[in-house]
Amino acid sequence: MEIFMMGKYSAHVWSSFGITAVVLIICVLQARRRHRIVLSDLRVRIKAMESEQ
Amino acid sequence: MSGQDRQLPGLMEGFIAIVRRDLLLAWKRPGDVLNPLFFFAMVASLFPLAAAPSPEQLMLNGPGVVWVAALLATLLSLNSLFLSDFEDGSLDQIILSPQPLPLLGLGKAAAHWLLSGLPLVLVSPLIAVSYRMPADIVGVMMLTLALGTVSLSLLGAIGAALTVGLNRGNALLSLLIMPLAMPVLIFGARTVSLAATGDPYAAGIYFLAAYCMLALTLAPFATAAALKISNE
Amino acid sequence: MTELLSGNDLCLLRGDRCLFQRLNFALNCGELLFVEGVNGSGKTSLLRGIAGLLDFESGYITWDGQKILDAYQGFRSDLVWLSHRVGFKGELNLLENLQFESALRSCSMEKTAAVIERLSLAPLTSLPFRYLSAGQQRRVALARMLLANARLWIMDEPFTYLDKAGQALVAELISEHLAGGGLCVAASHQAVDIAAPTQRVTLQ
Amino acid sequence: MWSFLHKLASPPHFYGISARMIPWFYAAGLLAVAYGSVAGLFYAPADEEMNDGFRIIYVHVPAAFISMSAYMVMAIGAGIGLIWRMKLAHAVAAGAAPLGAWFTFLALITGSIWGRPMWGTWWEWGDPRLTSELLLLFLYFGYMALRAAIDDTAKADKASAVLALVGAVNIPIIHFSVEWWTSLHQGSTLLKSGGPAMHPDMLYPLLAMILGFALLFAALLLARVRTEVLHRERRTRWVRDLIMPAGEAA
């Protein structure tokens, strides 16, 4: 286990890496979610346009 | 009605006309000029009342407070720079005139400086005296404020042009322009406090002058582009 | 003989709606382009596009054979624009406003007295502009058109706020302008007859 | 090569091509980050001053690098969009902004964690890099606020493009003025940020991490740009066919 102990700054090192991972994951999820929202809005809009004609 | 023989007005004619018109408008409605000045004086007097600093603290922090107050007062008066022209349709006429739009944008920024920047510089000695600043420091402060407010007017004109058509523009204008105005604020305030502690401060003045020249050459083109986009 | 003003398959969108597409027109000296359609059908947007205030989704406008985006300076010196908003400052009086106009574009200021007389604005010259009635303000905008030596008049709803006499005056001014070799692009939801070769564009 | 770029520039092709490129970017990025992290955390020699604490630079420096290059991507996209009126370029600028903001935020957090042991506080105005990162974050917020304030997409693109270009001109100036300011304040607390003076074993993981971050940024950017393109092309036929394949007609 000793290898994981980063000396007295282990909290700092692991928190930084942890925050980085969290931010990257948030970016990925955010991009996916936004894409899904735009797709569903488009589907609704095109259906509305289709039924209108 | 042949189109060729007519004589187009010169460039300076257009520039002077727009500055003269804005000064005339401000003359007829003095509120627009005085409000930022009162705001500047009030913000500058808030600090001593709120922080109740000792005399040296006041003298040391004075320049920073005066500069922040000047920046806020300028931002306050920038919101309505193009607003009245946008609402009564003169912006259409200005954009569709043969005069180059960047030059007219520069004219508007120059008029704004004359109406808000210059008065700030003239009023600032009163604030400096109330902060017990020695006379030579007041001179340095007025010089940095003069150069700084020109850059702020030019940068602010871009922000005003970008946000003129938006109904929630005023907070947005400050959010856009403040990061861009940071170098001017940093150099302005630091130069005065350097002068206050007797260190050499020429570098800051040179930088402010250089930034002023950069803004003078580039900002009008950005203002013109922003005006065309907002006025679509 | 190339035409002076032409629009080539113009297309414009507003939000999700397509206002018009593949719209063409060609205008020559002495001709009137009349754009009609109900309110909100995109008349104003088309006129703003022709004047160059607005970018079309696709298509382009040419003046004197050149795209207006390339020869912008020359085009604007031949153009004068009248829109819903009159474009004068409320605090300034008539003369101060027209003085400012003459610094923006080439105006024959010596004709000022005659124009003011013709548009019956004589008593109003010293009043601040905002004290004038809507009809009078429209007449001052017409004064700008008459004073500017511009071959192309672009007028959005020229007949609003005007009484019968005012509307007749506008029609007369347009015909005179066209007779003198000028061009005019006018948009209105009211039908109007002007004695001049007219092309019509109808927008839904 | 030119035909590929030309094809990439047309939205429908871009939409298809980018879908295939994104997984590769993700894979390569994760690989590089994995190597960089493992090598950086466990195999790189400890730093004399902060011994293991310095390993935070393997996250802080790449994040700061991406935050700056994201703004450059935004400014280039804005410039191309304004000059050649290309919707795709505006879409790239629109996609890059939030990502840049996230990476700037990341650089700020890791920077303050890294500086904590040395300064005793979480924030040190004297440090030039952290202060200019903070101003960069404000620039991003300003850009995104302007974009959000304008409803019409085309108008928002052009207006924010002007702001991005003005911002890009100002970034070096902001950086210089903060450097000048902090050199007056006190020059001693400069965080040693690596560079050639570093021991090779320290340097390679850092380069790998920067490459990894860049690849991940590219993947995330492409994903966002695809959404922006889809939104901007919502009226076109190819989007309609994409959304509603013939069989599923309304």
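Each chain gets a letter, A, B and so on, in the order its sequence line appears, and its residues count up from 1.
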Peer 1: Under a 4.5 Å heavy-atom cut-off, does chain D meet the side chain of Leu162(B), its backbone, both or neither?
Peer 2: both
Peer 1: Mind checking the CG-CG spacing from Leu146(D) to Leu172(B)? Nearest 0.5 Å is all I need.
Peer 2: 5.5 Å
Peer 1: Picking from Val169(D), Leu82(D), Leu139(D), Val178(D), which has the most non-hydrogen pairs under 4.5 angstrom with chain B?
Peer 2: Leu139(D)
Peer 1: Pick whichever of Leu135(D), Leu134(D), Ile171(D) has the most heavy-atom pairs under 4.5 Å with chain B.
Peer 2: Leu135(D)
Peer 1: Rounded at 0.5 Å granularity, tell me how far CZ in Phe207(B) sits from CD1 in Ile173(D).
Peer 2: 6.0 Å
Peer 1: Which atoms form the tightest heavy-atom contact between Lys155(D) and Ile229(B), and what is the distance?
Peer 2: CE-O, 3.4 Å
Peer 1: Against chain D, label Leu218(B) side chain, backbone, both or neither, depending on which of its atoms sit under 4.5 Å from a heavy atom there.
Peer 2: side chain
Peer 1: Between atom CZ of Phe187(B) and atom CZ of Phe176(D), what is the distance when rounded to the nearest 0.5 Å?
Peer 2: 4.5 Å
Peer 1: Go through the atoms of Ala156(D) and report whether side chain, backbone, both or neither lie under 4.5 Å from a heavy atom of chain B.
Peer 2: neither
Peer 1: CG of Leu163(D) to CD1 of Ile177(B): how many Å apart, nearest 0.5 Å?
Peer 2: 7.5 Å
Peer 1: Are more than 12 heavy atoms, taken from residues, nucleotides or ligands other than Phe86(B), located less than 6.0 Å from that residue's CZ atom?
Peer 2: yes
Peer 1: On a heavy-atom basis, which atom in Val162(D) and which in Ala225(B) lie closest, and how many Å separate them?
Peer 2: CG2-CB, 4.2 Å
